[in-house]
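Since we're looking at a predicted model, the values are computed, not measured.
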Amino acid sequence: QVQLVESGGGLVQAGGSLRLSCAASGRTFSSYGMGWFRQAPGQERECVSAIGRTGGSTYYADSVKGRFTISRDNAKNTVSLQMNSLKPEDTAVYYCAARTSTVVDTSPARYSYWGQGTQVTVSS
C-alpha cells in the first residue's frame with residue numbers, strides 16, 4: 001500500500017503559479033503510476049495530468065497543456081505538478097493518486113490510492 005500527502009495549494013491571482021507536491025510512503029513508489037486529479041464544486045473529478053512509473057510517459061488534459069508540468073522523483077518518493085498561468089477555472093480541490101500499473105491512465109476508478117486533497121483557488 002501507499003499513503004499520499006499533498007501540499008502546496010493556496011490562493012493565487014490569475015496568471016500566477018503554484019507548485020503542488022505529493023509525498024508517498026512506502027518503498028515501492030517507483031512501481032506506481034501517478035496522477036493529479038481535480039474536482040470543482042458540482043463537477044466530476046477529472047484527470048489533470050498523469051505520469052508513468054519512470055516518468056517517461058505523461059498525459060495532460062487539453063485544458064492545462066502548455067501550462068502545467070508533472071514530474072516525479074522516485075528517489076524521494078514524490079510527484080509534483082507545476083502550475084503556471086493559472087486561470088480562475090483552475091479553481092478546485094486537487095488530489096494526488098496512485099495506481100499499480102505501468103500504463104498512464106486518466107480514469108479515477110482505476111486509481112487505488114488517494115491523498116486528502118489540497119485546495120487551489122485562483123482569483124480573477
Side-chain angles (χ1 to χ4, degrees):
Q1 291 194 359
V2 62
Q3 293 183 326
L4 305 172
V5 179
E6 303 100 335
S7 60
L11 172 64
V12 65
Q13 289 188 332
S17 298
L18 284 174
R19 185 177 180 85
L20 304 183
S21 294
C22 175
S25 65
R27 296 177 294 175
T28 59
F29 176 72
S30 61
S31 66
Y32 292 94
M34 301 298 297
W36 283 100
F37 292 77
R38 69 186 180 188
Q39 189 166 20
Q43 302 291 320
E44 292 187 354
R45 190 168 297 190
E46 65 169 344
C47 183
V48 174
S49 184
I51 190 167
R53 294 187 306 173
T54 65
S57 299
T58 57
Y59 162 86
Y60 295 97
D62 287 343
S63 58
V64 307
K65 279 181 181 176
R67 300 188 297 121
F68 291 10
T69 303
I70 192 170
S71 60
R72 68 186 296 163
D73 185 336
N74 287 341
K76 296 182 178 179
N77 285 13
T78 59
V79 60
S80 299
L81 186 69
Q82 177 66 43
M83 306 187 295
N84 298 328
S85 302
L86 283 161
K87 304 175 180 180
E89 51 263 44
D90 294 318
T91 295
V93 177
Y94 284 69
Y95 298 89
C96 172
R99 64 188 298 261
T100 52
S101 172
T102 61
V103 177
V104 172
D105 203 297
T106 62
S107 172
R110 288 194 279 271
Y111 283 77
S112 301
Y113 306 103
W114 292 84
Q116 82 287 353
T118 185
Q119 176 71 45
V120 171
T121 303
V122 184
S123 63
S124 58

Practice task
Sort and list the pairs that fulfil ring-ring contact (aromatic ring centres under 6.0 Å, His included) and have at least one residue in residues 76-111, not counting sequence neighbours.
Solution key: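 Passing the test, one end in residues 76-111: F37-Y111.
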Exercise for the section: Answer with yes or no whether the hydrophobic clustering places Y60 together with V104; edges join I, L, V, M, F, W, Y residues whose side-chain heavy atoms lie under 4.5 Å apart. Expected result: no
Let me confirm one number: the [atom1]-[atom2] distance from [X] to [Y], rounded to the nearest 0.5 Å.
| X | Y | atom1 | atom2 | value |
| --- | --- | --- | --- | --- |
| L81 | T118 | CG | OG1 | 11.5 Å |
| R99 | S107 | CZ | OG | 8.5 Å |
| C22 | W114 | SG | CH2 | 11.0 Å |
| R19 | T69 | CZ | OG1 | 8.5 Å |
| L20 | F68 | CG | CZ | 8.0 Å |
| S124 | E89 | OG | CD | 10.0 Å |

Problem - Beyond-backbone contact of T78 with F29, side-chain heavy atoms, under 4.5 angstrom - result: no
Exercise for the section: Check whether any side-chain heavy atom of I70 lies under 4.5 Å from a side-chain heavy atom of V79, and answer yes or no. Expected result: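 The answer is yes; the side chains approach within 4.5 Å.
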Handout entry: Sole candidate of V12, L86, V122, L11 that passes side chain to side chain contact (heavy atoms under 4.5 Å, CB included) when paired with T91
Key = V122
Problem - Distance-only polar pair, side chains of Q82 and S80, donor-acceptor under 3.5 Å - result: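 There is no such pair (donor and acceptor under 3.5 Å, judged by atom type) between the side chains of Q82 and S80.
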Could you go through residues 40-53 and list every donor-acceptor pair under 3.5 Å that involves a side-chain atom there, pairing it with any protein atom two or more places apart or in another chain?
| residue | atom | partner | partner atom | Å |
| --- | --- | --- | --- | --- |
| R45 | NE | Q39 | OE1 | 3.2 |
| R45 | NH2 | Q39 | OE1 | 3.2 |
| E46 | OE2 | R38 | NE | 2.7 |
| E46 | OE2 | R38 | NH2 | 3.3 |
| S49 | OG | Y59 | O | 2.8 |

Problem - Cation-aromatic face contact R72/Y32, 6.0 Å, 45 degrees - result: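 Verdict for Y32: no cation-pi partner in R72.
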Handout entry: K87 with D90: basic N within carboxylate O range, under 4.0 Å
Key =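 No.
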Handout entry: Closest non-hydrogen atom pair between Q116 and L4, with its separation
Key =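 Closest pair (atom of Q116, atom of L4, distance): OE1-O, 3.8 Å.
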Handout entry: Atom of V2, atom of A98 and distance for their closest heavy-atom approach
Key =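 Between these two residues, the closest heavy atoms are CG1-CB, 4.0 Å.
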Practice task
Kindly say whether R67 contributes a backbone atom to a donor-acceptor pair with the side chain of S85 at under 3.5 angstrom?
Solution key: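 No.
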Problem - Any donor-acceptor pair under 3.5 Å from E6 side chain to C96 backbone - result: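 Indeed, once roles are kept as given, a pair shorter than 3.5 Å links the two residues.
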